[in-house]
Amino acid sequence: MSHTHTKYYYPYVSPFDPCKPISPKSYVTPPQLYLGFQPPNLPQYDPKEALFRGTLWPALYSKYDKKGDRGDVNE
Amino acid sequence: MSKPKTMPPEYYELLEQIQAVDFALVELNLYLDTHPQDYEAIQQFNTLTYESKKLKKQFEKQFGPLMHFGRSYSNYPWQWDDQPWPWQV
Amino acid sequence: MWYYEKKLQYPVKVRECNPRLAKYLIEQYGGADGELSAALRYLNQRYTIPGKVIGLLNDIGTEEFAHLEMIATMIYKLTKDATPEQLKEAGIAPHYVNHDKALFYHNAAGNPWTAEYIQAKGDPIADIYEDIAAEEKARATYQWIINVSDDPELNDSLRFLREREIVHSQRFREAAEILKEEKDKKIIF
Ligand SMILES: [Fe+2]
């Protein structure tokens, strides 16, 4: 069940846009959009790592970094 | 007026162990709310519940009660209202 | 009834005395998609939802109070030792002149919390989809706060809270499936 966590799109860029256009723009599509009804016996993090990540299951973990620190577009 | 004491590093270590076990319990609890037939998850839930109780007993012996209203024992004098509170540490 | 436990759900650490961040965080304290709204929304809906999903609403509603306490802790730590001058620089003088350092249930723009933020339609499908949307909105709010915050330790706690919204959304999506389920038919994995 592999999917990308970020989607991109290209807004129209006008020659009269006052700010430097950001293109492409991105939005986040985290795993709960794809998992469906969670199947039993999915692999788990150990409790310490689960706490640190905010979920017990790698299948539900979604990494989020500040825009700019993320390595995708300069948004 | 006496200043409240600063908590030692063991306080933070033990607290984090409890937070980790209790967090896994929250996760399993919510999961079981929608998966009530998952036998293995229930077993894991019960094992971790035991683990959590054990850790809290140890924590409370050193740092005082974690819960009020009769869920934890108190020494003399009454310890529940001792600082620090969770938002202060 | 509820019992209080003298611990946070997740450790909250703040590296810098930067009261400006408190101004943003208050959105998740008393804002439309904040933790107070979430807790009250779910605990209120649980009275009129089918038995199969009452437990979930009860438990997520309870967890949201632990998140509210984390947000309060962040704001408390960011402001408790800040001088009036620092608060003024951070743009929270309007809050200060009314409340001093007291927390108040309002959003980042200063609007007080209102029950209009939380829906209770009484229709189980409408309510559960409302809850899914609420979780996604809370997740988005955490993203925008992380984007404007440069305190790495604070962001660590905010990432935890963002991830919790993802798990809550997942469980509410499952609850929707449970409500849709036809009698005697097993949910297909
Ligand atoms: Fe939530």
Side-chain angles (χ1 to χ4, degrees), chain B residues 4 7 9-38 41-42 45 49 52-53 55-74 78-89, chain C residues 1-14 42 46 51-64 66-80 103 128 135 157 160 163-164 166-179 181 186-187 189:
Chain B
M7 300 314 271
E10 306 87 72
Y11 167 87
Y12 292 93
E13 280 158 31
L14 196 47
L15 186 64
E16 199 175 293
Q17 276 185 51
I18 291 172
Q19 283 166 325
V21 173
D22 280 8
F23 177 69
L25 282 164
V26 168
E27 276 287 74
L28 287 167
N29 198 137
L30 299 186
Y31 170 85
L32 284 164
D33 285 344
T34 55
H35 298 72
Q37 317 278 4
D38 190 329
I42 293 170
F45 179 86
T49 298
S52 169
K53 283 186 200 246
L55 284 169
K56 285 177 189 178
K57 216 171 154 185
Q58 195 191 332
F59 180 94
E60 291 183 323
K61 232 195 265 166
Q62 291 183 61
F63 304 111
L66 275 165
M67 295 184 82
H68 57 173
F69 296 161
R71 312 304 290 188
S72 300
Y73 294 101
S74 179
W78 181 241
Q79 287 177 293
W80 170 249
D81 55 2
D82 286 354
Q83 298 193 80
W85 290 88
W87 54 91
Q88 299 173 319
V89 299
Chain C
M1 80 171 283
W2 277 270
Y3 292 97
Y4 184 70
E5 191 162 47
K6 226 172 177 175
K7 75 178 213 293
L8 296 180
Q9 189 186 21
Y10 185 88
V12 169
K13 295 204 180 84
V14 182
Y42 307 145
R46 72 194 163 137
K52 294 182 279 191
V53 299
I54 292 176
L56 184 69
L57 282 166
N58 183 76
D59 297 340
I60 294 182
T62 301
E63 189 187 350
E64 304 292 9
H67 298 168
L68 186 68
E69 189 182 32
M70 284 177 64
I71 295 289
T73 300
M74 294 174 192
I75 297 169
Y76 168 77
K77 283 178 186 267
L78 284 163
T79 55
K80 99 178 153 105
L103 276 78
I128 283 291
E135 293 294 337
S157 303
F160 171 86
E163 179 66 37
R164 295 313 295 149
I166 288 173
V167 174
H168 292 172
S169 171
Q170 170 69 23
R171 297 297 165 236
F172 284 134
R173 285 160 196 270
E174 289 166 354
E177 294 312 305
I178 290 170
L179 292 173
E181 196 188 355
K186 280 286 281 176
I187 291 159
F189 292 117

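What you are looking at is a predicted structure, and each value in this text was computed from that prediction instead of being measured. So you know, we letter chains A, B, ... as the sequences are listed, proteins then strands, and number each from 1.
Listed by first and then second residue, the salt bridge (charged side-chain N to carboxylate O under 4.0 Å, His left out) pairs involving residues 9-31 of chain B are B:D22-B:K56, B:D22-C:K7, B:E27-C:R164 (not counting sequence neighbours).
With hydrogens and angles ignored, the 3.5 Å screen pairs a side-chain donor or acceptor of C:K6 with a backbone N or O of B:W80. Of the possible polar contacts, one joining the B:Q19 side chain to the C:L8 backbone as a donor-acceptor pair under 3.5 Å is found.
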Please tabulate, one pair per line, all N/O donor-acceptor pairs under 3.5 Å involving side-chain atoms of residues 82-89 of chain B, not counting sequence neighbours.
{"from": "B:Q83", "atom 1": "OE1", "to": "B:Q88", "atom 2": "NE2", "distance (Å)": "2.8"}
{"from": "B:Q88", "atom 1": "OE1", "to": "B:W85", "atom 2": "N", "distance (Å)": "2.6"}

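Contacts between C:E63 and chain B at a heavy-atom distance below 4.5 Å involve the side chain alone, from C-beta outward. Only the side chain of C:V167 comes within contact range of chain B, with heavy atoms under 4.5 Å apart. Heavy atoms of C:K52 lying under 4.5 Å from chain B belong exclusively to its backbone. Interface residue B:P65: only backbone heavy atoms are found under 4.5 Å from chain C. Within the 4.5 angstrom heavy-atom criterion, no atom of C:F172 approaches chain B. Both the backbone and the side chain of C:Y4 come within contact range of chain B, with heavy atoms under 4.5 Å apart. Looking at C:Q170, there are no atoms closer than 4.5 Å to chain B (heavy atoms on both sides), in backbone or side chain. With a 4.5 Å cut-off on non-hydrogen atoms, C:M74 does not touch chain B at all.
Residue B:Y12 places its OH atom among more than 12 non-hydrogen atoms of other residues, nucleotides or ligands, all under 6.0 Å distant.
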### Message
Could you walk me through whether B:H35 and C:E174 satisfy the side chain to side chain contact (heavy atoms under 4.5 Å, CB included) test, starting with their C-alpha distance in whole Å, then the side-chain angles of each, then the deciding distance to 0.1 Å, before giving a yes or no?
### Response
CA-CA 9 Å; B:H35 298 72; C:E174 289 166 354; 3.4 Å; yes
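Across all non-hydrogen atoms, the minimal contact from C:L56 to B:L30 is CD1-O, 3.9 Å. Taking each heavy atom of B:F23 and C:Q9 in turn, the nearest pair found is CD1-NE2, 3.9 Å.
Taking CE from B:M67 and OH from C:Y3, the interatomic distance works out to 7.5 Å, rounded to the nearest 0.5 Å. Once rounded to the nearest 0.5 Å, the distance linking CG of B:N29 with CD1 of C:I60 reads 10.0 Å.
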